[in-house]
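Below: one structure, written as structure tokens.
Keep in mind it's a predicted model, so treat the numbers as computed, not measured. Letters A, B, ... mirror the listed sequences (proteins, then strands); counts begin at 1.
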Amino acid sequence: DTEVTQTPKHLVMGMTNKKSLKCEQHMGHRAMYWYKQKAKKPPELMFVYSYEKLSINESVPSRFSPECPNSSLLNLHLHALQPEDSALYLCASSPYTRDYGYTFGSGTRLTVV
Amino acid sequence: GNSVTQMEGPVTLSEEAFLTINCTYTATGYPSLFWYVQYPGEGLQLLLKATKADDKGSNKGFEATYRKETTSFHLEKGSVQVSDSAVYFCALIPIQGAQKLVFGQGTRLTINP
């Protein structure tokens with residue numbers, strides 16, 4: 001299995017809702033990442049988990065809450081989002097060696113109404 | 001700091017034309033270099049990579065050579081197809097510090113039949 005699987009593919013949520021994005025990989029990678037991508041822009045790093053511990057938080061607002069239940073799963077919990085949070089959310093994984101690069105999922109297209 | 005600069009887009013070519021997308025980087029030592037491709041509505045796919053000077057990465061007819069003397073990693077393809085229409089991102093992982101993928105701004109490529 002050489003894929004990163006993200007669910008759901010599309011999500012529409014109101015500003016008072018709570019929802020979660022899910023990401024799964026079975027490549028034995030020890031690092032997992034959340035990115036946010038706005039239209040016509042490169043992905044922006046949000047969080048990094050290495051060996052199941054949060055190692056990087058790029059000053060992301062607390063309405064985004066990551067969780068890594070085990071080495072294969074990564075969640076992003078969403079609460080009280082704003083319309084400007086609408087974007088493509090990408091999950092990625094890597095073996096945490098700089099020569100390998102990251103494997104990305106196909107993303108969740110989030111719309112906040 | 002570490003950064004990647006790509007040629008401004010969008011780029012529009014006719015089918016079977018020769019493609020070059022320029023990429024230069026700023027980083028200490030010998031970072032690992034990558035090209036990612038993003039097709040409409042999808043996540044990022046690793047296209048090719050190079051991890052040391054003079055390495056040539058290649059995949060699907062695309063090539064890029066790691067040039068330390070010019071700090072460049074230009075993407076080339078001899079004969080493009082309509083199916084190559086996508087956004088291309090040059091990226092690096094530095095040798096020091098956190099293993100964060102640093103992206104260029106992306107180049108949108110459109111191939112006309």
Side-chain angles (χ1 to χ4, degrees), chain A residues 2-10 21 23-25 27 29-51 53-59 74 87-111, chain B residues 2-6 8-11 21 23 25 27-53 55 57 59 64 66 73 86-110:
Chain A
T2 58
E3 289 187 343
V4 173
T5 303
Q6 289 188 244
T7 56
K9 292 199 179 303
H10 301 274
L21 309 185
C23 175
E24 189 168 4
Q25 59 90 11
M27 294 176 280
H29 288 174
R30 302 318 302 248
M32 297 185 76
Y33 311 81
W34 280 116
Y35 281 84
K36 173 182 178 180
Q37 187 180 27
K38 301 286 270 185
K40 299 185 179 181
K41 295 291 187 183
E44 297 174 27
L45 184 64
M46 301 174 71
F47 302 104
V48 179
Y49 274 83
S50 56
Y51 297 91
K53 289 186 173 13
L54 183 64
S55 57
I56 295 176
N57 175 342
E58 295 283 11
S59 304
L74 186 65
L88 180 68
Y89 288 83
L90 294 164
C91 176
S93 71
S94 84
Y96 212 50
T97 62
R98 69 180 192 92
D99 292 349
Y100 186 89
Y102 297 5
T103 302
F104 284 84
S106 57
T108 294
R109 176 73 61 187
L110 174 67
T111 303
Chain B
N2 302 304
S3 66
V4 176
T5 303
Q6 289 182 235
E8 295 271 341
V11 174
I21 301 177
C23 170
Y25 69 89
T28 302
Y30 292 82
S32 293
L33 301 175
F34 306 88
W35 277 101
Y36 282 86
V37 58
Q38 187 173 30
Y39 298 103
E42 299 185 11
L44 279 70
Q45 299 176 25
L46 178 62
L47 182 59
L48 54 82
K49 65 179 181 179
T51 58
K52 58 183 186 293
D55 265 2
N59 186 23
Y66 192 140
F73 193 53
V87 179
Y88 292 81
F89 292 98
C90 185
L92 68 82
I93 295 179
I95 62 167
Q96 295 175 343
Q99 292 184 18
K100 291 165 57 173
L101 196 57
V102 177
F103 285 100
Q105 287 302 302
T107 301
R108 181 172 299 275
L109 173 67
T110 301

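- Residue with the most contacts toward chain B among A:T97, A:L45, A:L88, A:I56: A:T97 (heavy-atom pairs, distance under 4.5 Å).
- Pairing each heavy atom of B:G104 with each of A:P42, the nearest pair is O-CB, 3.4 Å.
- Ranking B:K52, B:K100, B:R108 against chain A, the residue ahead of the rest is B:K100, based on heavy-atom pairs under 4.5 Å.
- Between chain B and the residues A:G107, A:G101, A:S94, the most heavy-atom pairs under 4.5 angstrom are made by A:G101.
- To the nearest 0.5 Å, atom CZ of residue A:R98 and atom CZ of residue B:F34 are 8.5 Å apart.
- Rounded to the nearest 0.5 angstrom, B:F89 CZ and A:Q37 CD are separated by 5.0 Å.
- When the shell of 6.0 Å around OH of B:Y30 is examined, it contains 12 or fewer heavy atoms from other residues, nucleotides or ligands.
- Looking at B:Q45, neither its backbone nor its side chain comes within 4.5 Å of chain A, counting heavy atoms on both sides.
- Note that CG of A:D99 is 10.5 Å distant from CG of B:L33, once rounded to the nearest 0.5 Å.
- With a 4.5 Å cut-off on non-hydrogen atoms, A:Y33 touches chain B through its side chain but not through its backbone.
- Using a 4.5 Å cut-off between heavy atoms, A:E44 does not touch chain B at all.
- Here the NZ-CD distance, from A:K9 to B:E42, works out to 9.5 Å after rounding to the nearest 0.5 Å.
- In this structure, chain A has heavy atoms under 4.5 Å from both the backbone and the side chain of B:L101.
- Scanning for ring pair (Phe, Tyr, Trp, His ring centres under 6.0 Å) contacts around A:Y89 gives A:F64, with sequence neighbours left out.
- When the shell of 6.0 Å around NZ of A:K38 is examined, it contains more than 12 heavy atoms from other residues, nucleotides or ligands.
- Between A:Y102 and B:I93, some side-chain heavy-atom pair lies under the 4.5 Å cut-off.
- Partners of A:F47 under the ring pair (Phe, Tyr, Trp, His ring centres under 6.0 Å) rule, at least two apart in sequence or in another chain, do not exist in this structure.
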